[in-house]
Amino acid sequence: SAVKSEPMRVLVTGASGLIGKAIEHVVFKEGGKQEGEEWFFISSKDGDLTDVEQTRAVFEKYHPTHVIHLAAKVGGLFIHLKENLQFLRDNIKINDNVLHTAHETGVTKVVSCLSSCIFPDKTTYPIDETMIHDGQPHESNYGYSYAKRMIDIQNRAYFQQHKRCYTSVIPTNVFGPHDDFSAENGHVLSAVIGKTYKAKQDGTHVKVCGTGNPRRQFTYSLDLGRILVWVLREYDDVEPLITSIGPEKEVSITEAVEMIAKALDFKGEIVYDTTMSDGQMRKTASIDKLRRYLPNFTFTPLDEAIKLTCDWLVANYDIARK
Ligand code: NDP
């Protein structure tokens, strides 16, 4: 019979962001935490993970047995274009410090976050987990992308040499409570939620960047949080796992914008600024692998998830990033 292992001590890095807040909710509010377990949610205030000594101090303080590694230097398109070198170096440092300190201190499992924006720019769709290194990432954010891809390379090496189960997930277009709702830094869905809320207050119109035609798999952060807690407990493959709503649920930006207007009861005008860049028209990701593991997982329907996010923003406007 299996030896009963000690309860997990889970360290979540980068936990002040959208995904960390979702995991925190699942763990403490939805019964995700099991008896005896301890969960620690940290941000850059607890230590700068680009610094190896500060990283070691964090691990010495919490003695984790498991790590969900979310911390990353992340930014919008324009800051990436300007600072690819900084994104490359900071993220390489953060990832090496976290993974190697985990290894040195005997952490048995690490789940790190890659991203669908690291996929090859020129590829065939749907993309799956076996294709992430098959071509160059989009040149706008190659620094961030190559640093993220190296997590997967490093995970394989820890497995090869030390039989460590350090793995990664690939979320796509996440949104939800605690996201950044500002027009400048927010991802498209949350930026539009923020703009629509303001336009309703001010009685003005909403301007959406681009044609509205690009299609995306928008994934609700709470769904992702539930999947991540499952990955931490059950997923034993070192290879990455795409953790996204299915390709059949892909919608155009326009369809998502209409759901936002409905959720916020916005009756004003919505203008598409076609002089602005659309970004990639699609980047459809396959979730066949996730479905093999979790055939019955139910994703929150997009209109419902958008409504929950809008309600959260309205109720928490004073503390929201906007
Ligand atoms: P955010 O961008 O909202 O937050 C980033 C987190 O990293 C914050 O907690 C931040 O701390 C922390 N951090 C940044 N730099 C450092 C540092 N030098 N030392 C310690 N901590 C640091 O995160 P999200 O929740 O949006 O994303 C989490 C992860 O998921 C990231 O790795 C991201 O690449 C990935 N991801 C996100 C997607 C999305 O749609 N949001 C999609 C796919 C992947 P502080 O708040 O103190 O600055």
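Along the sequence shown, residues are numbered consecutively beginning with 1.
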Heavy-atom side-chain contact between [X] and [Y] under 4.5 Å:
X: Asn173; Y: His187; value: no
X: Lys33; Y: Val229; value: no
X: Leu241; Y: Leu290; value: yes
X: Cys209; Y: Lys195; value: yes
X: Leu222; Y: Thr300; value: no
X: Pro240; Y: Ile132; value: yes

Side-chain atoms of residues 302-313: list all donor-acceptor pairs with protein atoms under 3.5 Å, sequence neighbours left out, distances to 0.1 Å.
unit_1: Lys307; atom_1: NZ; unit_2: Asp311; atom_2: OD1; d: 3.0
unit_1: Thr309; atom_1: OG1; unit_2: Ala305; atom_2: O; d: 2.8

For a quick test of reading the model, state the closest non-hydrogen atom pair linking Pro120 to Arg149 and the distance between them.
N-NH2, 3.5 Å
Distance from [X] atom [atom1] to [Y] atom [atom2], nearest 0.5 Å?
X: Met150; Y: Asn155; atom1: CE; atom2: CG; value: 10.5 Å
X: Ile242; Y: Ile287; atom1: CD1; atom2: CD1; value: 9.0 Å
X: Gln54; Y: Ser44; atom1: CD; atom2: OG; value: 10.0 Å
X: Thr204; Y: Lys198; atom1: OG1; atom2: NZ; value: 10.0 Å
X: Asp51; Y: Arg56; atom1: CG; atom2: CZ; value: 9.5 Å
X: Tyr272; Y: Asp278; atom1: OH; atom2: CG; value: 11.0 Å

Audit row: Ile253, Arg216, side-chain contact (heavy atoms from CB on, under 4.5 Å) steps and yes/no
CA-CA 7 Å; Ile253 306 279; Arg216 296 287 183 265; 4.2 Å; yes
Salt-bridge present (Asp179, Lys21; N to O < 4.0 Å)
no
Could you check whether Arg226 pairs with Asp223 (Lys NZ or Arg NE/NH1/NH2 to Asp/Glu carboxylate O, under 4.0 Å)?
yes
Side-chain heavy atoms nearer than 4.5 Å, only ILVMFWY residues, links allowed to pass through others: does that put [X] and [Y] together?
X: Val67; Y: Ile153; answer: no
X: Val251; Y: Val188; answer: yes
X: Val238; Y: Ile170; answer: no
X: Ile319; Y: Phe41; answer: yes

Under 3.5 Å, is there a donor-acceptor pair linking the side chains of Thr65 and Glu6?
no
Between Asp152 and Ser168, a side-chain donor and acceptor under 3.5 Å:
no
Apply salt bridge (charged side-chain N to carboxylate O under 4.0 Å, His left out) to residues Lys289 and Asp237 and explain how you reach the verdict.
CA-CA 11 Å; Lys289 187 175 180 183; Asp237 191 352; 3.3 Å; yes
Derivation of the ring-ring contact (aromatic ring centres under 6.0 Å, His included) call for Phe181 and Tyr197:
CA-CA 10 Å; Phe181 293 91; Tyr197 180 79; 9.4 Å; no
Suppose the criterion is ring pair (Phe, Tyr, Trp, His ring centres under 6.0 Å): which pairs have a residue in residues 274-296, not counting sequence neighbours?
Trp230-Tyr293, Tyr235-Tyr293
Mind telling me whether Tyr142 and Tyr146 have parallel, tilted or perpendicular rings, with 30° and 60° as the class edges?
perpendicular
Measure the acute angle between the ring planes of Phe297 and Phe299, then classify it against the limits of 30° and 60° as parallel, tilted or perpendicular.
perpendicular
Walk me through it: do Leu232 and Ile68 pass the test side-chain contact (heavy atoms from CB on, under 4.5 Å)?
CA-CA 8 Å; Leu232 184 71; Ile68 297 179; 4.0 Å; yes
Report yes or no: is the cationic atom of Lys73 (NZ for Lys, CZ for Arg) closer than 6.0 Å to the six-membered ring centre of Phe87, at no more than 45° off its axis?
yes
Tell me, please, which residues at least two apart from Asp265 pass side-chain contact (heavy atoms from CB on, under 4.5 Å).
Lys200, Lys267
